[in-house]
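All remarks here apply to the structure that follows.
Sequence positions, counted from 1, serve as the residue numbers for this chain.
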Amino acid sequence: MRVAIAGGGLGGLTLARILHLHGIDAVVYEREASRSARSQGGSLDLHPESGQRALADAGLAGRFRSEARPEGEEHRILDPAGRTLVHHKPPPGSFAGRPEIDRRALRDLLLDSLPGDAVAWRHRLVAATPRPDGGFGLTFDGGHGADCDVLVGADGARSVVRPLLTDATLSSVATLVELSISDADRRHPGLAELVGPGNLWCIGVSQILAAQRLGDGSIRVGISLPADDRHLDAYRSRRALLEMFDGWDRRLTALIEAGDSPPIPRTIEAMPTGTRWTHRPGVTLIGDAAHLMPPVGEGANQAMLDAAELAAALAGNPADPDSAIQAYEEAMFARVHPIAEMSARVQAMMLSPTAAEDIVRFFTPRPTEPATAN
């Protein structure tokens, strides 16, 4: 059984790692030129029941603990005047919750765990053609080709593999503008103290100014706004962004002013919740290719859990990969549906006019109801 994995993100690499542990031949085809070809984004929190479980299946739990930052779980929520609404501090050194790890560090951890020939760089998939005897013939940009018995689309929001299974369309749910502040402790100590070791969310009326500390000491700043018809170029001006936050505490808008480079805007999209497809032999999807959700903390975790569950199914039934894939898909549809619905609700809540009150309520523990005597 030759498995081709389109996409070298966290889901695809997790799948390749676990399959290799089970002696199953798998190659990851990645369009980027190398692991360092571009920035891998910010930090993410790995959940015990999903991302951390997948790393345990991959035999990488120990390495994860050496790279993760449990202090990164700390988060503060402020209003536009700079008043603290919520401040969560995890127990020092505790890995019991959802410790943070930089995406780059996690991707490197997975890459380092694979054989040198397990990732084919500069291989952007452009077509997958069914073969008469089963499996697919793959065509890559530049004319390279390969064959496989099983094709897994782990190629993200703009998946090339997804149309083989579903015609689900993407919808815009928000606009995100990102900036980066390097060497924050030395260059901007006030902002470093404001953000702390984890995450900061400043919540206004249908707009959020967020900041996140990374392992290298830099700060990643994100501005979230409702999706609209404006061209993304309207968000490339720092002055225009500052005008959007006119009247906010200057300590908060300083996060925008301190950015090292021009703002980078992008549209945040999602697939319809409940997306399913009819099983097709020899092909399936994991991660954003299967269930693109708003970025509220579940995407990477569910992608890695998809990978672990698909790998377990294939390893448990190598003589009948189609039955294994079908079992994986049915379980994945059932698992992801409520998570995708929750993610959509949280995304809408965060950009609503009453976001501050709603999110404080979301993060405030409910009192335990006293037991009633019979």
Side-chain angles (χ1 to χ4, degrees), residues 10 39-48 50-52 55 60-109 176-203 208-224 248-261 295-301 346 350 356 359-360 362-365:
L10 300 179
S39 168
Q40 293 303 309
S43 178
L44 54 87
D45 58 330
L46 280 200
H47 304 179
S50 49
Q52 290 187 51
L55 286 180
L60 299 172
R63 287 201 55 192
F64 165 71
R65 288 176 68 91
S66 70
E67 295 277 357
R69 295 179 290 108
E71 69 277 7
E73 259 200 283
E74 180 172 343
H75 63 255
R76 294 172 63 207
I77 302 175
L78 309 182
D79 68 9
R83 292 185 293 258
T84 299
L85 305 176
V86 173
H87 188 185
H88 168 72
K89 294 185 71 172
S94 170
F95 281 84
R98 299 175 172 184
E100 295 274 334
I101 184 170
D102 289 9
R103 284 179 177 268
R104 177 198 54 75
L106 182 55
R107 192 188 193 210
D108 283 348
L109 186 158
L176 175 66
V177 188
E178 294 181 304
L179 306 98
S180 182
I181 304 171
S182 62
D183 196 11
D185 289 296
R186 183 182 65 83
R187 297 175 58 236
H188 300 281
L191 293 180
E193 182 179 2
L194 174 70
V195 175
N199 289 272
L200 174 73
W201 300 327
C202 313
I203 301 177
I208 293 177
L209 174 59
Q212 179 183 65
R213 178 64 70 97
L214 301 189
D216 63 0
S218 66
I219 294 174
R220 193 173 184 87
V221 178
I223 296 168
S224 295
W248 283 44
D249 190 298
R250 289 290 301 275
R251 294 175 301 158
L252 307 182
T253 56
L255 289 164
I256 300 174
E257 296 175 308
D260 298 327
S261 56
V296 295
E298 287 289 353
N301 281 284
V346 171
M350 291 178 72
I359 290 178
V360 168
F362 182 84
F363 279 104
T364 301

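- Here the straight-line distance linking atom CD of E100 with atom CG of L44 works out to 7.0 Å at 0.5 Å rounding.
- Rounding to the nearest 0.5 angstrom, the gap separating the CD1 atom in I77 from the CD1 atom in I203 is 5.0 Å.
- At least one side-chain heavy atom of L194 sits less than 4.5 Å from a side-chain heavy atom of L252.
- Side chains of I359 and L85 form no contact here, defined as non-hydrogen atoms less than 4.5 Å apart.
- Annotation for E67 and L109: closest pair CG-CD1, 4.3 Å, computed over non-hydrogen atoms.
- Counting only distance, with no hydrogens or angles, the side chain of R187 and the backbone of S182 share a donor-acceptor pair below 3.5 Å.
- Contact between V195 and A211 at its shortest, heavy atoms only, is CG2-CB, 3.6 Å.
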Practice problem: Give the intermediate values and the outcome of side chain to side chain contact (heavy atoms under 4.5 Å, CB included) for residues H188 and E257. | Solution: CA-CA 11 Å; H188 300 281; E257 296 175 308; over 6 Å; no
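- The side chain to side chain donor-acceptor pair (under 3.5 Å) test with N199 singles out one residue from H75, R220, Q212, and that residue is Q212.
- Using a 4.5 Å heavy-atom cutoff, the side chains of L255 and L179 are not in contact.
- Considering every non-hydrogen atom in both A254 and R251, the closest pair reads CB-O, 3.7 Å.
- Looking only at distances, no side-chain donor or acceptor of E74 sits under 3.5 Å from a matching main-chain atom of G198.
- One distance of note links CG of D79 with CH2 of W201; it measures 15.5 Å at 0.5 Å rounding.
- Residues P99 and R69 are not in side-chain contact: their nearest non-hydrogen atoms beyond the backbone lie 4.5 Å or more apart.
- Considering CG of N301 and CZ of R98, their distance stands at 7.5 Å, rounded to 0.5 Å.
- In terms of modelled atom types and a separation under 3.5 Å, the side chain of D216 and the main chain of S218 share a donor-acceptor contact.
- Minimum heavy-atom separation, P70 to P90: O-CG, 3.5 Å.
- Nearest heavy atoms, R103 versus L10: NH1-CD1, 4.0 Å.
- One distance of note links CD1 of I223 with CD1 of I256; it measures 4.0 Å at 0.5 Å rounding.
- Atom CG of residue L200 and atom CD1 of residue I208 lie 11.0 Å apart, to the nearest 0.5 angstrom.
- When every heavy atom of G97 is checked against every heavy atom of E73, the shortest pair comes out as CA-OE1, 3.7 Å.
- Partner I101 forms a side chain to side chain contact (heavy atoms under 4.5 Å, CB included) with one of D45, L106, L55 and no other, that one being L106.
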